[in-house]
Asks: 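Supplied in C-alpha cells, the structure appears directly below.
Every chain is numbered from 1, with letters handed out A, B, ... down the list of sequences. Treat the numbers as computed from the prediction; the structure is a model and nothing was measured.
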Number of protein chains: 2
Amino acid sequence: MKHRSSYALSVDCVIFGYTESKLQVALIERKNSPYKGKWAIPGGFVEGDETVEEAAFRELQEETGLSDLYLQQFHVFSEPDRDPRGRVITVAFFALIDADQCELVASEDASKAVWWSIDDIPHLSFDHDTIYDDALKALRIAIKNQPLAFELLPKKFTLTQLQQLYEEVFDLEIDKRNFRKKVAKMDFIQETGTMTKGAKHRPAMLYSFNNKKYAKYSSEIML
Amino acid sequence: MKHRSSYALSVDCVIFGYTESKLQVALIERKNSPYKGKWAIPGGFVEGDETVEEAAFRELQEETGLSDLYLQQFHVFSEPDRDPRGRVITVAFFALIDADQCELVASEDASKAVWWSIDDIPHLSFDHDTIYDDALKALRIAIKNQPLAFELLPKKFTLTQLQQLYEEVFDLEIDKRNFRKKVAKMDFIQETGTMTKGAKHRPAMLYSFNNKKYAKYSSEIML
DNA sequence: ACAAAAGTGTTTGTTGTACACCCATGC
DNA sequence: GCATGGGTGTACAACAAACACTTTTGT
C-alpha cells in the first residue's frame, strides 16, 4: 500500500442499564492521565485484526462480565484535537443491559466503574459529554424503530416495568390503561403465566418478548 | 503515545440524487485495480488532520462540484478483509442532492461517474453492496425523523414532486388528496406564489420549505 | 385496616383511509 | 378537442387521549 495517513482507532461505549425504574449509564473514573481522576465513558483501542464491533464487545466484557448484550454503533468522532495524547478516531457505540444482572468491574485504566442516573450525569472527559448526548438521541431513535426495550429488562418483566422504561427513556408520562391496551394488541409481548412474588402489594403478571412472533409481525408491516 | 495499532481510514459516500421523478445513486467505474473497470461507490482516504466529515466533503466536491449538500455518516465498516490492498476502515456517509443541479465528474481514480436508478443497481466492488443497502435503510430512517426530502428537491417544488419523492424513497403509493391534506397542515411548507410554466398541462403551484418555521414547530412537539 | 401497586372500559376527539371528478394548459 | 397532470371534499374506520375505581397482597 502507498504511503498514506494512518490513525489510532478507539471504541467508546455508552452502556445504558436499567434498574430500580431508573435508566443509568456506566461511567468510569480514570486511573491515568490525561483526565486522571475524572469521569469518562468506558472505551479502549482497537487492536490488530479485530473489527470495531469485536473491540467494543471485548471492552464490554471486561467492564460488565456479560457477553450477551445489545450493541450498536452510532457515530464516529474524529476532531483532530479530541484527545490530548494525539490523533485518535473513535467509533462510539451504545450498549443495553439489564443492570440488575451485572456487576460493573473497573477495568485496566479505571479506578472505579459505577452506574450513574441519567438525570444527573457529571461533566465528562475528552468529548464524552457530546458522545453521551448523541448516544441518548441515538437510543431514542433506535428504540422507536426496533424492539430494544427488552434488552434493558429481565427476560420476564411486568407491564409496569415496561411502561416506566418508556417513560424514563422518552421523559414523558403515559396513561396506564392506554399503555396496556396497546401492549395487548402486540402478540409478541405475551403472558408467561408466572407472577411476581413477595412484593408488599398485589402480585403482577410477568410477560416476555417473543422474538419469532415479532420478526413475523415486523416483516408483515414492512411489506 | 505507546506502540499501538494504527489503521488507514477512508470515507465512502452513497450520493442520492433525485431527477425525473427517480431516486438515483452516483456510482463510479474504477480506473485502477483492485476491481478495475467495476462499479463502486465514490470514496477516498482521510488525510492528515481532517475530520471524516471534511474528507467526505472533499470527495463530494471533487465528484459533484457542489459545496452545499447534506451529508450524514451512518456506519463504520471494519472487516479486516474488506479491502484486498490491506486493512482499511471506512466511514460510510450518505449525501443528498438535487441531481438536476449538478454534473457528476469522474475524479482521480474513476474512469466514469454516472447516476444509476435505485431500481437497478449493479453488483459493486469491495463490500459496497452492503454499504449501499445500509445507506438506503439509513436514508429511510433519517427522512422520517428530519426534513431531508427538501435536500433532494429544487428550492421551489410542486407537491407532486414532493409526493413522488416519498413514494420513491419508501416504495409505496400515496393518495394525492390525503397527501395534500397533510402537507396543508405543515405551515413550514409554504406556497411561493409562483407557478410552473411551459408544461403541456395545467401549471402547478410551487412550494418552498421554511427552515425557521420548521425549527419552531419541531422544538414545540419535542417539549 | 391501611398502604401500595395491579388491574380493568367507556367516551370523545383526532387522524388516517378510501374514493371520483372538474380544471388549465400545450399541441 | 384531446392528452396530461393539477387540484379539490366527504364519509367511515382506526387510533389516541382522558378519566376513577376495585383487587390483592404485606404489614
Side-chain angles (χ1 to χ4, degrees), chain A residues 18-22 100 143-145 153-154 156-208 217-218 220-223, chain B residues 18-22 100 143-145 149 153-154 156-168 170-208 217-218 220-223:
Chain A
Y18 188 61
T19 183
E20 293 163 20
S21 307
K22 282 285 164 191
D100 293 326
I143 218 166
K144 277 185 188 162
N145 290 285
L153 291 170
K156 294 182 176 188
F157 50 86
T158 67
L159 295 184
T160 301
Q161 285 178 301
L162 184 61
Q163 177 178 343
Q164 287 177 343
L165 174 53
Y166 274 93
E167 291 177 330
E168 184 78 1
V169 171
F170 294 106
D171 195 22
L172 39 81
E173 291 188 0
I174 303 172
D175 179 87
K176 185 164 52 158
R177 283 176 286 191
N178 293 336
F179 182 78
R180 283 161 187 252
K181 237 181 297 171
K182 218 166 161 179
V183 170
K185 284 184 201 156
M186 304 180 186
D187 66 352
F188 52 87
I189 298 174
Q190 48 196 200
E191 291 192 3
T192 60
T194 55
M195 310 196 62
T196 56
K197 278 176 195 165
K200 59 177 179 181
H201 54 77
R202 177 173 172 177
M205 177 59 72
L206 288 163
Y207 290 76
S208 67
Y217 165 89
S218 71
E220 276 166 14
I221 57 173
M222 289 300 166
L223 294 177
Chain B
Y18 188 61
T19 182
E20 292 162 22
S21 306
K22 283 284 163 192
D100 292 328
I143 218 167
K144 276 185 189 161
N145 291 285
L153 290 169
K156 295 182 177 185
F157 52 86
T158 66
L159 295 184
T160 301
Q161 285 177 300
L162 184 61
Q163 178 179 341
Q164 287 177 343
L165 173 54
Y166 275 92
E167 291 177 331
E168 185 76 2
F170 294 106
D171 196 23
L172 41 78
E173 292 190 359
I174 303 171
D175 179 87
K176 185 164 55 158
R177 280 176 288 189
N178 293 336
F179 182 78
R180 282 160 188 252
K181 238 182 296 171
K182 215 166 162 181
V183 170
K185 283 184 201 154
M186 304 179 185
D187 65 353
F188 52 88
I189 298 175
Q190 50 195 198
E191 291 192 2
T192 61
T194 55
M195 309 195 62
T196 56
K197 278 175 195 166
K200 59 179 179 180
H201 53 78
R202 177 172 172 180
M205 177 59 73
L206 287 163
Y207 289 76
S208 66
Y217 164 90
S218 69
E220 277 167 14
I221 56 174
M222 289 302 165
L223 293 176

Asks: Under a 3.5 Å distance rule, please check whether A:Gln163 uses its side chain to pair with a backbone N or O of A:Ile174 as donor and acceptor.
Replies: yes

Asks: Mind calculating the distance between CD (B:Gln163) and P (D:dT8) to the nearest angstrom?
Replies: 14 Å

Asks: B:Arg180 CZ to C:dG16 C1': how many Å, rounded?
Replies: 18 Å

Asks: Which whole-number value in Å describes the distance from B:Glu20 CD to D:dG5 P?
Replies: 14 Å

Asks: Please classify the nucleic acid contact of A:Thr160 as base, sugar-phosphate, or nothing, using heavy-atom distances under 4.0 Å.
Replies: sugar-phosphate

Asks: Quick check against the 3.5 Å criterion: does B:Thr196 have a side-chain atom that pairs as donor or acceptor with the backbone of B:Ala204?
Replies: yes

Asks: Distance check, rounded to the nearest 0.5 Å: A:Met205 atom CE versus A:Leu159 atom CG?
Replies: 9.5 Å

Asks: Rounded to whole angstroms, how far apart are CD on B:Glu173 and C1' on C:dA18?
Replies: 14 Å

Asks: Can you tell me the distance, in whole Å, between the CE atom of A:Met195 and the P atom of C:dA5?
Replies: 16 Å

Asks: What is the separation between atom NZ on B:Lys197 and atom C1' on D:dG6, rounded to the nearest whole Å?
Replies: 17 Å

Asks: How far apart are the C-alpha atoms of B:Arg180 and B:Arg177, what are their side-chain angles, what is the distance that settles it, and do they pass the side chain to side chain contact (heavy atoms under 4.5 Å, CB included) test?
Replies: CA-CA 5 Å; B:Arg180 282 160 188 252; B:Arg177 280 176 288 189; 5.9 Å; no

Asks: Strictly distance-based, threshold 3.5 Å: is any side-chain N or O of B:Tyr18 a donor or acceptor partner for the main-chain N or O of B:Leu165?
Replies: yes

Asks: For the pair B:Gln161 (side chain) and B:Thr158 (backbone), establish whether a donor and an acceptor sit closer than 3.5 Å, ignoring hydrogens and angles.
Replies: yes

Asks: Using whole Å, what does the distance between atom C1' of nucleotide D:dA16 and atom CE of A:Met186 come to?
Replies: 13 Å

Asks: Can you tell me the distance, in whole Å, between the CD atom of A:Gln164 and the P atom of C:dA4?
Replies: 15 Å

Asks: How does protein reach along nucleotides 17-27 of chain D, written 5' to 3' as B (base within reach of a heavy atom under 4.0 Å), S (only sugar-phosphate), or - (no contact)?
Replies: BBBB--BBBS-

